[in-house]
Amino acid sequence: MDVIILKDGDAVAAEGAVLLRQVLQRKANAVFGLASGRTPLAMYRRLVVDCRDAGLSFREVTTFNLDEYLGLPPGDPQSYRAYMQRELFDHIDIDVSNTFLPECGAGADPLETGPAYEALIRSRGGIDLQVLGIGRNGHIGFNEPTSSLRSRTRIKTLTRETIAANKQYFEDPATQPQLAITMGIATIMDAGHIVLLATGADKAEAVRQSIEGPVSAMWPASMLQLHEKVSVLLDETAASTLALRDYYDWVAEQKRKLFESLEER
Ligand code: F6R
């Protein structure tokens, strides 16, 4: 696990965008797993600017979002589909027919949405790079504490804490869904590279438990310790309670020197 501690949220967004761009340089038809919420917004804005001004192209890209609310009417502005269109897809050259969320269309069986989503991800060759945020309770996607560490895309009931954290987005609390369809933890673990972004002091405890605590379903993101390629991008406040803070900075410094010496050869 690479733990990279950066000055602020802007630096986290910039580094996240670099990691996505690197994948695109190697593979124009990359498959990205994407997250919604507050944390990746600044990174998406950077990608929009790169696409507009710097020749970055998503023309051949496929995306799979982590999750979608269950029970919102199609086109609801609070849906994660609407969020993705508004924040990213409407502003880049992606083919929208290659963008997927675990949406349960009108009249569809929500119990079938998960297995169908898994099959669709497999049919596109799997996810090359998965972007994650993290909940204050350590959730990734909507895999709330005690989610099976081997879970696959399915319906989850949101915790009261998650509902409270997201209620700011719903004018009428009565319309806020309590269920979502989310990729499972095993689905996330199948990605080739996982990039977790965390900014803000309210994420510090979840970050500490997930990186330095035991692997436990009580902190779902702790499962990432078992993945072979994870980049954790943190701002100073999200990293503020890490016990091995000095070590992560030391590792970053050593890696920087190693790559510089390799480039000089
Ligand atoms: C969103 C998602 C969630 C969020 C998490 C953090 O698609 O899957 O796990 O990443 O709740 O949300 P923010 O970034 O709003 O703090």
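All ligand and atom numbering here is 1-based and tracks the order in the structure.
For His91 (side chain) and Arg86 (main-chain N/O), a donor-acceptor pair under 3.5 Å exists by modelled atom type. The backbone N or O of Arg81 sits less than 3.5 Å from a side-chain atom of Glu68, completing a donor-acceptor pair.
Considering only non-hydrogen protein atoms, atom 6 (C) of ligand 1 sits nearest to Ile134 O, 3.4 Å. Nearest protein heavy-atom contact of atom 15 (O) of ligand 1 is Arg38 N, 2.8 Å. In terms of protein heavy-atom proximity, atom 14 (O) of ligand 1 is nearest to Thr39 OG1, 2.5 Å. Protein heavy atom nearest atom 3 (C) of ligand 1, with residue, atom name and distance: Gly141 O, 3.6 Å. Distance from atom 10 (O) of ligand 1 to its nearest protein heavy atom, with residue and atom name: Gly133 CA, 3.4 Å. If you check which protein heavy atom lies closest to atom 2 (C) of ligand 1, you get Asp67 OD2, 3.3 Å. The protein atom (non-hydrogen) at minimum distance from atom 11 (O) of ligand 1 is His139 NE2, 2.6 Å. The single protein non-hydrogen atom nearest to atom 16 (O) of ligand 1 is Lys203 NZ, 2.7 Å, given as residue, atom name and distance.
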Walk me through whether Val48 and Glu87 qualify under side-chain contact (heavy atoms from CB on, under 4.5 Å). CA-CA 9 Å; Val48 166; Glu87 305 297 345; over 6 Å; no
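Near Gly37, with a cut-off below 4.0 Å to any heavy atom, the atoms of ligand 1 are 14 (O), 15 (O). Residue Leu66 has at least one heavy-atom neighbour below 4.0 Å for each of these atoms of ligand 1: 8 (O).
At a 4.0 Å heavy-atom cut-off, ligand 1 does not touch Thr182 at all.
Side-chain contact of Asp2 with Ser231: a donor-acceptor pair under 3.5 Å is absent, judged by distance alone. Gln176 and Asn166 share no donor-acceptor pair across their side chains, judged by distance under 3.5 Å alone.
For a threshold of 3.5 Å applied to N or O pairs, the pair formed by Ser36 and ligand 1 contains at least one separation below that value.
The shortest heavy-atom contact between Pro145 and Met218 is CB-O, 3.4 Å.
Each salt bridge (Lys or Arg N to Asp or Glu O under 4.0 Å) pair with one or both residues in residues 178-191, not counting sequence neighbours, appears once here: Arg152-Asp190.
The distance from the CD1 atom of Ile5 to the CG atom of Leu233 is 10.5 Å, given to the nearest 0.5 Å.
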